[in-house]
Amino acid sequence: MPSIPLFERELSELAQAHLLRHRREVSPLLPPADLSPDQEHVRGTTYVINGQTRLSFGGNDYLGLSQHPALILAAQQAAGRYGVGATASPSVCGHSPSHEALELELAAMVGLPRAVSFVSGYMANVGVIPALVGRGDAIFSDALNHACLIDGARLSRADVHVMPHGDLAALDAALQASTARRKLVLTDAVFSMDGNIANVPALLALCERHDAWLMVDDAHGFGVLGAHGEGTLAHWGITGRDGVSPEWQGRLHRLIYMATLGKAAGVAGAFVAGESTLVEWLVQKARTYMFATAAPAMLTEAVRASLRVIQEEGGRRQHLARLRDQLRDRLRTGLKLPRPWRLMPSETAIQPLIIGRNEDALAVMAHLDRQGLWVPAIRPPTVPPGTARLRISLSAAHTCAHVDALCQALSEAV
Ligand SMILES: *Cc1c(COP(=O)(O)O)cnc(C)c1O
């Protein structure tokens, strides 16, 4: 049993390495209900952070839906209809008509036969992976995968092979060499700290060749990628509004699709979709589904409203793409960045600017903070040592003037 002085010593070591995380108290500048039309630009972009007003590039609210009036109304009405708590796990009495409808809508949206909802993405991953593989099986996990995929893999007790990021040849060889009974490949669909998109078609083809499963975590692609925000599968043409494309039909049973609902969808929760039997298996076996209280219907109804906005308001994705291009043009050609700073090649809303050393990243973050901008510095162990970065996260709620302000402040930090 570690003693308290031991924790104290380790905490001070973290502080010295500039690795302590400081939570901030954050609230929207104005209550969403109080906003007048001329204040729309503050909705989902401007926050009071530790008492100071800041323009935020820190959240994952890529479409600006966390404060959308339709979602807020749906939550309020659902609280009136259902109350505020689900009272039990889904298999006891926590599964409401709203949960049922949401799962049908999610499956239809991503073009897969069936979906099951979880209270969070973390819970989905740590529940699903151990339900699929166990001792004696093998997991092949991309080196940049999110922490909860890593934890799910550990919890499963399968042998974990950490694969070099995006290295299909290495994965091919590792799958070939494996004699495990079951093989599961794990990947972020959009890497959360780099913003790049995994080559899902190539991964699925490899899994087909080596009789493996592919689990894709689309926390950062769902809502953002695809013509209607269906996510990374639609981005690659694997699924569309009419379901799985014919070319991929025969390989569908290899695919486990997971996405979260607290980022672009603006609410909370997650879901896993795939073949009906697979989803039924998860309903029966995923312990974080079976033994956790279901999400309140307030949240599931807000998500249902969000799915409508995501699919109907395509202009949000177009605006987001314009902001991304504006930022990338300015930072790559308009500004001379000092070495080793570099903008990662990302086509998503996540635009990481690599700074290098932890203290340098913190210094740039502090400079931006003084200019009224909130951009988080991401340090190890979230990212590899020596690649501390500003994780610039764009939202459809931002205006071109917001992106200008960020570029201007960065040019002065140089
Ligand atoms: C945020 C995130 C999760 C966790 O989802 P929550 O709903 O926040 O628990 C899972 N995977 C990835 C890639 C993420 O970025």
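None of the values given here were measured: they were computed from a predicted structure. For reference, positions follow the sequence shown, starting with 1. Numbering of ligands and ligand atoms starts at 1, following listing order.
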D217 side-chain N/O to A219 backbone N/O, donor-acceptor pair under 3.5 Å: yes
Table please: side-chain donor-acceptor pairs of residues 101-112 below 3.5 Å, with sequence neighbours left out.
from : atom 1 : to   : atom 2 : distance (Å)
E103 : OE2    : S117 : N      : 2.9
E103 : OE2    : S117 : OG     : 3.2
E105 : OE1    : R304 : NE     : 3.0
E105 : OE2    : R304 : NE     : 3.2
E105 : OE2    : R304 : NH2    : 2.7

Donor-acceptor contact below 3.5 Å, side chain S156 vs main chain I129: no
Distance in Å, H398 NE2 paired with R324 CZ, rounded so as to fall on 0.5 Å steps: 15.5 Å
pair R114-V283: side-chain heavy atoms closer than 4.5 Å: yes
Check ligand 1 for N or O atoms under 3.5 Å from a protein N or O and list each pair with its distance.
from     : atom 1 : to   : atom 2 : distance (Å)
ligand 1 : 7 (O)  : G121 : N      : 2.7
ligand 1 : 9 (O)  : G121 : N      : 3.1
ligand 1 : 9 (O)  : Y122 : N      : 2.9
ligand 1 : 11 (N) : D217 : OD1    : 3.4
ligand 1 : 11 (N) : D217 : OD2    : 2.5
ligand 1 : 15 (O) : H220 : NE2    : 2.5
ligand 1 : 15 (O) : K263 : NZ     : 2.7

V190 and V224, any side-chain heavy atoms less than 4.5 Å apart: no
